[in-house]
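Okay, so here's the structure we're looking at.
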Amino acid sequence: MWRRKKTILDEFEEIERRVDKFFDQVFSVEPMWNLQAHSLRPLYQVRETKESIRVVVDLPYVEKEGINVRVDEQSIDLSAELRQPIRYERWGTAQRECEFRKLSVTIPLPAEIISDEAVAKFKEGVLTMELPKKKKKRTIRVE
Amino acid sequence: MSEELPLIVETEKLSKAKYGILAMPDTGLVGTIAVGHMISSKKMNEVGYVRLSALPPVLVIHNGEPKSPVRLYGNEDFVVLISETPLPFETYKELAEQTVRWAGEKGIELLISLTGIAAQNREEIDKPQVFGIGASAEVRDLLKSRGFSLLEEGFIAGPQALILDECIERKFPLAVLLAQSHSEFPDPVAAVSMLQGLNQAFGLDVDVKVLQERAEEFRIRLRELMQRTQQSMHGTKSQEEELPALYG
């Protein structure tokens, strides 16, 4: 089967799609809970520098041992068991008792990272992850 | 023609209060948490509410009763103004003018506005420091004499900036207190530092034990307010992390 070679425009479109997806995920107003999964979405910050991406997640009511983080080149999946369930007597519009047992979130990353070199520390209920970015620079020949 | 209603409405007659304390959702929700705790621990009465022309179309329901999200609570020593929702930029100017005018009419001796100041290394700070900004030399001297370090260089943004500006213009005594805080997470520990500073400096006698014990629970329960606050402040508060280009 004949397949068209990827052009620079295709590359730009791909980058644009990824940027749009990132902004949609970060700035859209999604519910911060999932009643079926008994989970709450934690707050997080993503800061990008030239060399790396720093992701900071607020994880109150969590012990270090209860944190499960999976990282790939483009996103972080985080789940953390709460030390004890959080119970709401009248939850939002449902106005019924609800219980939440974990914090969980998928965090899209603004650039590809080297997942094997990611490091994390947990202090005072705040998880900080340092994720080195993939270097994509290539030397070009000047004629 | 409809009768013009006042913008700050007293539902209970307020006697003269010495201090007026202001808190709106912003950096780390420090002011909101501190004043919310103050209201419950001192069992302060609801004494009024605020109507602004550009308030968001939101009412809050408490125990079945619809209320304005911007309300006044008071006792014999102090009156507090608290907002349960982030306020849109368009309301800042009107809120600043009305608050300062009203404080003058009530004979309030000092307005104290509570907020957070983003500390980049917040997790490394065990006890957040509280800084002060005074609208006048007299207030700056007062803050120093009561143990606060003054914020010597920096920016202040958001409603506090306009209230400060209004107080400078009208020569009304105002202190802005800023506790080192997480920029985008609710920070009850910063609120504890703020209340301890207020207790020591102004004799408010607010017990912070419950707030210390329930700090993690506050962080969980205030996530949505923090997120909405972040969205409403987007771009305006980031300048507080910079230093001014010129020196005094």
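Numbered from 1 within each chain, the chains take letters A, B, ... in sequence-line order.
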Heavy atoms of other groups near A/Arg54 CZ, more than 12 under 6.0 Å: no
Sorted by number, residues from residues 114-124 of chain A in contact with chain B (heavy atoms, under 4.5 Å): A/Lys121, A/Lys123, A/Glu124
Pairs touching residues 82-92 of chain B that satisfy salt bridge (Lys or Arg N to Asp or Glu O under 4.0 Å), sequence neighbours left out: B/Arg71-B/Glu84
A/Leu59 portion near chain B, given a 4.5 angstrom heavy-atom threshold: backbone
Short side-chain to backbone donor-acceptor contact, B/Glu216 and A/Pro60, under 3.5 Å: no
Nearest-0.5 Å distance that lies between atom CD in B/Glu224 and atom CH2 in A/Trp33: 5.5 Å
More than 12 heavy atoms from other groups under 6.0 Å of CD on B/Glu46: yes
Distance, nearest 0.5 Å, that separates OH of A/Tyr44 from CD of B/Gln227: 8.5 Å
B/Lys67, NZ: over 12 other non-hydrogen atoms inside 6.0 angstrom: yes
Under 4.5 Å from any heavy atom of chain A - which part of B/Arg221: both
Residue pair A/Met32 / B/Met226, side-chain heavy-atom distance below 4.5 Å: no
Any residue meeting side chain to side chain donor-acceptor pair (under 3.5 Å) with B/Arg228, in chain and number order, not counting sequence neighbours: none
Pairs where residues 195-233 of chain B contributes a residue and the test ring-ring contact (aromatic ring centres under 6.0 Å, His included) is met, not counting sequence neighbours: B/Tyr19-B/Phe202
Residue among A/Val126, A/Val56, A/Asp58, A/Leu43 satisfying side-chain contact (heavy atoms from CB on, under 4.5 Å) with B/His182: A/Val126
Sidechain-backbone polar pair: B/Arg219 side chain, A/Gly125 backbone, donor-acceptor under 3.5 Å: yes
